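Residue numbers start from 1 in every chain, and the chains themselves are labelled A, B, ... in the order their sequence lines are given, proteins ahead of strands. Remember, it's a predicted structure, so these values are computed and weren't measured experimentally.
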Protein chains: 2
Amino acid sequence: MHIGIVAEQSGVPTKTIRYYESIGLIRQAQRTGAGYRVYGEHDVQTLRFIQRARGLGFSVHDVSGLLGLWHDAHRTSAQVKDMAKRHRAEIDRKIAELHGMRATLDHLIAQCHGDERPECPILDDLAGETRVSGAADG
Amino acid sequence: MHIGIVAEQSGVPTKTIRYYESIGLIRQAQRTGAGYRVYGEHDVQTLRFIQRARGLGFSVHDVSGLLGLWHDAHRTSAQVKDMAKRHRAEIDRKIAELHGMRATLDHLIAQCHGDERPECPILDDLAGETRVSGAADG
DNA sequence: CATAAGGTTTCCAGTCACTGGAAGGCAAGG
DNA sequence: CCTTGCCTTCCAGTGACTGGAAACCTTATG
């Protein structure tokens, strides 16, 4: 299989496949005489694995770790679960951060008339006058 | 005021102030004979404005727009409110994305024993065998 | 055999918003 | 004069790609 086919079957763009190879996330592909990369079914599986893990928000670094565990017969499920739990905690942190922003924005938007006049509590708040909110101050 | 004092008073690191100047977010500072940047109270206010807007998750590009509106006597509050609402929608999109990931992760974590054995539904799911979840497939 | 279309190669640059570090100049104090 | 600390510029790196250019390969057609 050439890279285009693998891209199609795995859902990972050719550019990204080459990028993954360049950073060592996937092994260097074999080449044809002309220098074309050649892949097998196994590579498609690996790229799908990567694609799903990335879809769950795991960093490329963490995906590398997950691939390692996937291929490690001596892994423990505790190791994998631990990674997943740590990642979930990080997602929770991000969600909380976004919720904080959202709450403040919501409040500011409610205060603003949104008409043709220039008076705007949103800008006033950002400028530090007549503080209207507090959720994203710290 | 020199840059270090402004950094302290605004909460924006010196490196970042120089960076903001380099990309044109803030105007070029005046200089002393020796080349040191010199700032006034106004600059501190501007940097605080920027800091708060960034804290609400606005991109630097959007902050630039907000600064423009802030200094525009002919602005309308509708323009500002519109920007805020668009940004809120983007935040909502991100929150939804993270919630999706979280739900899938939660499900996978619950399935995994997390003991010393290698069997792991998390890896199985990522590998595409015995699909356990569906929340982050698309 | 020439040509054209489309897939592939490498390399460089850009994204976003900084951040770290090096090498050197400047200011204030002892 | 020397030290300490702040300031300057410039370069490089972060994360995870993505776009584009120039050139090469493969296949199909006339």
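For B:Arg18, no side-chain nitrogen or oxygen approaches OP1 or OP2 of C:dG20 to under 4.0 Å. The shortest distance between the side-chain N/O atoms of A:Arg37 and the OP1/OP2 oxygens of C:dT9 is below 4.0 Å. The phosphate of D:dG15 has neither OP1 nor OP2 within less than 4.0 Å of any side-chain N or O from A:Tyr19. An OP1 or OP2 oxygen of D:dT18 is reached within less than 4.0 angstrom by a side-chain nitrogen or oxygen of A:Thr16.
Of the candidate nucleotides C:dG21, D:dG20, D:dC25, D:dG20 has the atom nearest to the side chain of A:Lys15. Considering only side-chain atoms of A:Val60, the nucleotide from D:dA16, C:dT8, D:dC7 that sits closest is D:dA16. The side chain of B:Tyr20 sits closest to C:dC18 out of C:dC18, D:dC7, C:dT9.
With respect to the salt-bridge test (charged N to carboxylate O, under 4.0 angstrom), the residues B:Glu97 and B:Lys94 do not qualify. Under a 4.0 Å N-O distance rule, the pair B:Arg86/B:Asp82 qualifies as a salt bridge. Under a 4.0 Å N-O distance rule, the pair A:Lys81/B:Asp115 does not qualify as a salt bridge.
Rounded to a whole Å, the CG atom of B:Asp62 is 14 Å from the C1' atom of C:dA17. C:dT9 atom C1' lies 14 Å from atom CD1 of A:Ile17, rounded to whole Å. To the nearest angstrom, C1' of D:dC24 lies 13 Å from CZ of A:Arg31. For the pair A:Glu8 CD and C:dG6 C1', the computed distance is 14 Å after rounding to whole Å. In this structure, B:His2 places its NE2 atom 8 Å from P of C:dA27, rounding to the nearest Å. As rounded to whole Å, 14 Å separates atom P of C:dC16 from atom CG of B:Leu25. Atom CD in B:Glu21 sits about 18 Å away from atom P in C:dA17, given to the nearest Å. If you measure from atom CD1 of A:Ile5 to atom C1' of C:dT8, you get 12 Å, rounded to the nearest angstrom.
Within the nucleic acid shown, B:Ile23 has no heavy atom closer than 4.0 Å to any nucleic acid atom.
Put simply, the residue from B:Arg27, B:Arg37, B:Lys15 that forms a salt bridge (charged side-chain N to carboxylate O under 4.0 Å, His left out) with B:Glu21 is B:Arg37.
Along DNA chain C, the nucleotide nearest A:Tyr39 and the nucleotide nearest B:Phe58 are compared for position; the residue whose nucleotide lies closer to the 5' end is A:Tyr39. Both B:Thr32 and B:Arg54 lie close to DNA chain C; mapped to their nearest nucleotides by heavy-atom distance, the more 5′-ward contact belongs to B:Arg54. In terms of position along DNA chain D, the nucleotide closest to B:Gly4 lies nearer the 5' end than the nucleotide closest to the other residue of the pair A:His61 and B:Gly4.
Minimum interatomic distance between B:Val12 and B:Ile17 (heavy atoms only, all atoms of both residues): O-CD1, 3.5 Å. Contact record, A:Ala84 with A:Phe58: CA-CZ, 4.1 Å, taken as the closest heavy-atom pair.
The base of C:dG25 is paired with the side chain of B:Tyr36 by a donor and an acceptor separated by under 3.5 Å.
Residues A:Tyr20 and A:Tyr36 do not share a hydrophobic cluster, defined by chaining ILVMFWY side chains whose heavy atoms lie under 4.5 Å apart.
Looking at residues 82-92 of chain A, you'll see that no heavy atom sits under 4.0 Å from any atom of DNA chain C.
With hydrogens and angles ignored, the 3.5 Å screen pairs a side-chain donor or acceptor of A:Asp43 with a backbone N or O of A:Gly40.
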